[in-house]
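Reminder, nothing fancy here: chain letters follow the sequence lines and each chain counts from 1. Treat the numbers as computed from the prediction; the structure is a model and nothing was measured. Just the heavy atoms: all of them, side chains too, but no hydrogens, waters or symmetry mates, feed the values below.
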Amino acid sequence: MLDLRFVTEHLEEVRAGFARRGFVDEALLDKLSALAQRRREAIVTAETRRAEQKKAGQEMAKADKSSPEFTERREALRVVAAEVKALEAARSAVEAELSELMLHLPNLPADDAPDGLDERSNVVQRVWGERPSFDFKPKDHVELGVDLDILDFERATKISGARFVVLKGLGSRLERGLMQFMLDTHVDEHGYTEIWPPAIVKDDAMRGTSQLPKFAKDAFRIAKDAEWEKENEAAGHDLYLIPTAEVPVTNLHADEILEREQLPIAYAAYTACFRSEAGSYGKDTRGMIRQHQFDKVEMVRFCAPEDAEAQHELLTSHAEAILQKLGLAYRVVKLCAGDMGFAAKRCYDLEVWLPGQNAYREISSCSWFGDFQARRMNARYRPSPKEKPRLLHTINGSGLAIGRTLVAILEQYQEADGSVGVPEALRPYMGGRDRITRD
RNA sequence: GGAGAGGUGGCCGAGUGGUCGAAGGCAACCGCUUGCUAAGCGGUCGUACGGUCAAAAGCUGUACCGGGGGUUCGAAUCCCCCCUUCUCCGCCA
């Protein structure tokens with residue numbers, strides 16, 4: 001969420017920033033500006049009246065309770081109380097409308113985010129590794145995995161529907177090994193603290209990292225029956241399956257004030273991720289590129305604003321380290337303003353080479369959010385003991401998407417006979433095997 | 001799922017209808033003092049949103065005692081619902 005004061009005082013700057021993202025809604029910002037004005041007026045009237053009421057109340061405390069004046073005064077104050085109540089209600093109505101609106105505004109792109117509205121304007125930063133060349137026609141991971149009997153899409157469909165996969169034998173072992181390898185690397189070499197978070201979160205958490213309210217369609221909401229819905233409503237929250245570990249891990253410090261010395265904080269977490277992939281019909285329907293459930297190791301960093309950009313580069317390098325250790329050819333792309341996620345100021349996508357698609361495909365997205373998420377979560381730190389708390393900056397990135405890593409390994413390490421080499425770094429996690437073959 | 005007890009400021013902990021943003025203590029910060037390892041004294045010591053101001057400071061208003069609603073002229077204090085923590089029983093991985 002953006003700072004309301006900043007938005008109202010820099011309306012044109014905000015408008016221009018939004019335009020760079022392709023978010024153009026003249027009426028919205030004008031409405032917001034008017035609402036902000038109304039909000040201030042509502043606060044002033046309500047609080048002035050309330051102050052009068054309180055002052056009168058203090059006199060009542062000292063007054064002779066049995067006097068006729070007291071009774072008379074009490075009757076008069078009854079009217080004031082009703083007025084205050086009405087004014088407060090009006091005030092919270094305006095504030096509710098305003099904050100709902102604020103929740104729908106995207107973050108402002110960083111100055112250096114390239115112009116452009118879609119992926120064609122993304123800028124390649126660097127290319128790493130040599131794309132494997134084959135003296136045979138490379139297969140895609142579906143063919144390889146099915147032939148090796150380590151991926152089973154048909155049975156997954158039978159038991160769960162489209163966009164699921166069953167991993168079997170060394171396929172499962174590979175998925176598990178990758179999870180271990182990634183976490184071990186981030187924890188032991190990159191200094192991250194390991195987190196194993198819940199996979200179900202409240203809507204508050206989803207709002208904190210900004211999956212809600214705008215992207216409710218992409219998430220799986222937990223629903224049971226009418227009674228469950230009623231209980232949820234009474235409890236004041238909904239529950240969602242996490243679409244990424246970013247949600248529970250970032251929200252770890254919601255409503256907290258951290259000390260400067262604690263920063264930066266770096267967490268790494270493995271979780272399953274659940275996405276409804278609404279609106280992606282017909283996209284990546286083949287294989288395990290886009291699934292309703294997938295595994296991912298996520299890195300999350302919290303830091304002071306002045307360290308944020310360096311921290312973003314650092315986190316990106318940690319994601320790259322995984323690809324490098326696995327010997328997977330990839331490139332780093334800086335996303336243009338229009339292609340970035342809703343909450344990001346700047347974003348690097350790591351794209352791994354997939355011979356089966358003859359294309360680079362996203363395997364990690366490393367974003368710097370500024371204080372956008374922190375403001376929604378109310379996550380702050382104290383620069384020094386005497387200073388007022390300030391909002392943290394948050395940064396996160398996949399390190400990496402495990403399923404897509406598995407896909408990349410199958411495709412980049414495939415041999416003419418349909419077997420697949422195991423990257424050296426992974427062998428300890430594969431029981432010492434250096435090759436996956438059909439047994 | 002059943003029974004009981006709690007949730008107050010960074011921490012501990014008073015406070016059962018009015019003068020409480022909240023005693024006291026600890027921690028922290030600033031200063032002074034002493035000087036034999038750490039002590040003494042004084043001060044400061046919440047957050048948010050408004051108003052005033054060119055702005056900051058300052059001053060000032062309002063809100064916040066787990067969350068929400070209610071009663072009342074007035075609620076940290078009374079009532080209701082919810083969340084959560086602890087203990088015991090049951091169940092379960």
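- Note on A:Arg39: every side-chain N or O is 4.0 Å or more away from OP1 and OP2 of B:C49.
- Residue whose closest nucleotide on RNA chain B sits further toward the 5' end, between A:Arg73 and A:Glu95: A:Glu95.
- The NZ atom of A:Lys54 sits 5 Å away from the P atom of B:U62 (whole-angstrom rounding).
- With B:A48, B:C73, B:G18 as the choices, the nucleotide that has an atom nearest any side-chain atom of A:Lys388 turns out to be B:A48.
- A distance of about 23 Å separates the P atoms of B:G68 and B:C73, rounded to the whole Å.
- A salt bridge links A:Arg15 and A:Glu12; the closest N-O separation between the charged side-chain nitrogens and carboxylate oxygens is under 4.0 Å.
- B:C20 is unpaired under the criterion used here, namely a Watson-Crick or G-U wobble arrangement in which both key atom distances are under 3.5 Å.
- Counting non-hydrogen atoms under 4.0 angstrom, A:Arg49 reaches nothing in the nucleic acid.
- In this structure, A:Arg40 does not reach the B:G50 phosphate: none of its side-chain N or O atoms is under 4.0 Å from OP1 or OP2.
- You'll find that the side chain of A:Ala51 is closest to B:G61, out of B:G61, B:C73, B:G50.
- For the C1' atoms, the distance linking B:U33 with B:C41 amounts to 7 Å, nearest Å.
- When each of A:Leu241, A:Thr244, A:Ile242, A:Asp218 is checked for a side-chain contact (heavy atoms from CB on, under 4.5 Å) with A:Arg275, only A:Thr244 meets the rule.
- When distances are taken from the side chain of A:Glu47 to each of B:A48, B:C49, B:G51, the shortest belongs to B:C49.
- Atom P of nucleotide B:G67 and atom CG of A:Asp204 are separated by 14 Å, given to the nearest angstrom.
- When the C1' atom is compared between B:U34 and B:G25, the two are found 24 Å apart, to the nearest whole Å.
- Pairing partner, B:U34: none, since no Watson-Crick or wobble contact has both distances short of 3.5 Å.
- Of the candidate nucleotides B:G50, B:C73, B:A63, B:C73 has the atom nearest to the side chain of A:Arg78.
- The partner of B:G74 is absent, by the rule that a Watson-Crick or G-U pair needs both atom distances under 3.5 Å.
- Between A:Arg382 and B:U47, a side-chain N or O to OP1/OP2 separation shorter than 4.0 Å is present.
- Here the separation of B:A27 from B:G9, taken at their C1' atoms, is 13 Å to the nearest Å.
- Spacing of C1' atoms, B:U19 relative to B:G7, comes out at 27 Å, to the nearest Å.
- Between B:C73, B:G70, B:C49, one nucleotide has an atom nearer to the side chain of A:Lys85 than all others, and that is B:G70.
- Distance A:Glu259 CD to B:C11 C1': 13 Å, rounded to the nearest Å.
- A 3.5 Å limit on both hydrogen-bonding distances identifies no Watson-Crick or G-U partner for B:A14.
- Where A:Thr48 and A:Gln58 each meet RNA chain B at their nearest nucleotide, the meeting point lying more 5' is that of A:Gln58.
- The CG atom of A:Asn378 sits 13 Å away from the C1' atom of B:G46 (whole-angstrom rounding).
- Considering only residues two or more places apart in sequence or on other chains, A:Glu83 meets the side chain to side chain contact (heavy atoms under 4.5 Å, CB included) condition with A:Arg49, A:Val79.
- For A:His10 (side chain) and A:Phe6 (main-chain N/O), a donor-acceptor pair under 3.5 Å exists by modelled atom type.
- With rounding to the nearest 0.5 Å, the separation of CG in A:Asp204 from CZ in A:Arg376 is 12.0 Å.
- No salt bridge links A:Lys168 with A:Asp152; every basic N to acidic carboxylate O contact stays at or beyond 4.0 Å.
- The P atoms of B:A57 and B:A75 are separated by 32 Å, rounded to the nearest whole Å.
- Nucleotide B:G46 holds its P atom 15 Å from the CD atom of A:Glu387, rounded to whole Å.
- Of all nucleotides present, only B:U44 satisfies the Watson-Crick or G-U wobble test against B:A28, with each distance under 3.5 Å.
- Between A:Phe302 and A:His253, the ring centre distance stays below 6.0 Å.
- Taking 4.5 Å as the limit, every side-chain heavy atom of A:Leu326 sits out of range of all side-chain heavy atoms of A:Glu424.
- Taking atom CG of A:Leu4 as the reference point, atom C1' of B:G50 lies 12 Å away to the nearest angstrom.
- B:C86: Watson-Crick or G-U partner is B:G4, with both key distances under 3.5 Å.
- For A:Ile43, the side-chain atoms get nearest to B:G50 when compared with the rest of B:U62, B:C73, B:G50.
- Going from the P atom of B:U77 to that of B:G17 covers 12 Å, rounded to whole Å.
- Distances were taken from every side-chain heavy atom of A:Lys65 (C-beta onward) to each of B:U47, B:G18, B:G50; the shortest belongs to B:G18.
- A sub-4.0 Å separation between OP1 or OP2 of B:G74 and a side-chain N or O of A:Gln53 is present.
- One can place CG of A:Asp203 at 14 Å from C1' of B:C83, the figure rounded to the nearest angstrom.
- The phosphate of B:A63 has OP1 or OP2 within less than 4.0 Å of a side-chain N or O from A:Arg50.
- For A:Arg390 and B:U47, the CZ to P distance is 14 Å, given to the nearest whole Å.
- Remark: the separation of the C1' atoms in B:G50 and B:C45 is 24 Å, to the nearest Å.
- Checking B:C65 for Watson-Crick or G-U wobble geometry (two distances, each under 3.5 Å) identifies no partner in any strand.
- In this structure, B:U52 and B:G58 make a Watson-Crick or G-U wobble pair, each of the two defining distances being under 3.5 angstrom.
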